[in-house]
Amino acid sequence: MKRPVAAALVIVGAEVEGRIVDVRIEAGRVVEVAAGSESRSAPAAGVEVFEAAGGALLPGLHDHHIHLLALAAAARSVPVGPTDVGGAEGFARALQEADAELEPSRWVRAVGYHESVAGPLDRHDLDAIVPGRPVRVQHRGGAMWVVNSPAAKAIGLSAEGLPSGAELAADGTPTGRLYGLDAWLGERIPHEPLDLKAVGRTLLDFGVTGVTDATPTERSEDLGLLAGAVAEGALPQEVVVTGGPGLDPEAGAALERGPVKLVVADHRLPDVDGLVTAIAGAHRAGRTVAVHCVTRVGLLLALAAWDETGARAGDRIEHGAVVHPAEAARITAHGLTVVTQPAFVAERGDDYLADVNPYDRPHLWRCASLLRAGIPVGGSTDAPFGPADPWQAIAAATTRRTPAGYVLGEDERLDPRRALDLFLGPPGSPGGSPRRIAVGISADLCLLAAPLNHALQALSADLVVATVRAGILTTPAGGRAS
Ligand SMILES: [Zn+2]
């Protein structure tokens, strides 16, 4: 299946920057933005007309940090986060139900685990729940998997030839905890088909017309899957990919190439020299870098590396979950961008209040103060590690409310318009000037059910009544309008 060719489309009576206009789209581009006319002439044959009824027409949202393959895989995984299973009993029940339902050859894949569910997990804990088939459980941070004994056996996990990142117990046997070993695991686990089409459709329903896949993959097969899905139209979004420093630059030619993704892994902190080499290498190759920094130590290491290499315009910090004022000043001085995930405050805020060192707590997931410091801030979901709905992130950026109702970082709240802009920056420039609807732009648009001022009072994906990507209009629930 090839992506359908966009015919002419007119969105009539839409609110664009406070004016009611008709927006005409041809061959995937906006060709006319004209004041709405009372005495509108009948549309020419073959022109699709969509009545906006005064709803706000925005540029399509761009999620600046997402993991598409993991999001597709999450759809066939057992969610075992604190809100999914409650505690240890619910966790065991969820795994056992999956075990009972799956065909014999399949693995149980569970995601979203956090220690508040049933403590730190190891191989033996999982064996006690599901002894008879391979099980793997991903920590919600994304960097750690825990496997049970059948899984350990299937992937050849033994004290000999253990990859670095596989933990050993005091008695010299593997604990089943695997840190930063996604690629290694991926080569040893039976492949299951991923439904990227469902991912693309879900994102369209949210008004998302573009994404940046921030996976540090070095496997060209992974990019091949994404490139194939984009070429076939299964993933209708504009897709920018990062990829790790070892990724062949020619791989996945159908995709746009973003920064090189570098991970400052908190479970195995790199030395500054290694980071300097990686950043300088990317810069030499004409690329920017996107450096994953979650903890303060991680950020300090990354900044020390940038002190050596200098920053290139477009270099970015992913997450920046802990930014003390002294580091904010250094981020400003280097001209770096921060790509943040506001929804983590809404989803995990109470855990942060309970677990995070009080010294770091006032500096968690900063947003408004980074903007005040002159730092460009882009918005993202980090799905599947956070909810894929960007509207939840936008709403969370305005309230900073935790699930229990506390406000985490009152001074970090954004007004709703500013929060929306986190997702309207250009794909290649998160936090840059929000895109605007004008003649000549690619017709990547998001139409809301209400005028903007109303919509901003009730931020929700339910507001999205249509999404236009490259001139093709879809309405939520996957139905194509007209
Ligand atoms: Zn991520």
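Order of appearance sets the numbers: ligands from 1, and atoms from 1 within every ligand.
- Taking a cutoff of 4.0 Å between a charged side-chain nitrogen and a carboxylate oxygen, Arg435 and Asp444 do not qualify as a salt bridge.
- Neither side chain, Asp315 nor His334, offers a donor N or O lying under 3.5 Å from an acceptor on the other.
- The pair Arg140-Asp351 meets the salt-bridge criterion, since a charged nitrogen lies less than 4.0 angstrom from a carboxylate oxygen.
- Counted within 6.0 Å of CZ on Arg188, heavy atoms from surrounding residues, nucleotides or ligands total more than 12; the atom is thus considered enclosed.
- For Glu318 and Lys261, the salt-bridge test fails: no basic side-chain N is under 4.0 Å from an acidic carboxylate O.
- A salt bridge does not link Glu410 to Arg400: none of the charged side-chain nitrogens sits closer than 4.0 Å to a carboxylate oxygen.
- The set of protein atoms (N, O or S) found at less than 2.8 Å from the Zn ion (ligand 1) reads His65 NE2, His67 NE2, Asp382 OD1, by chain and number.
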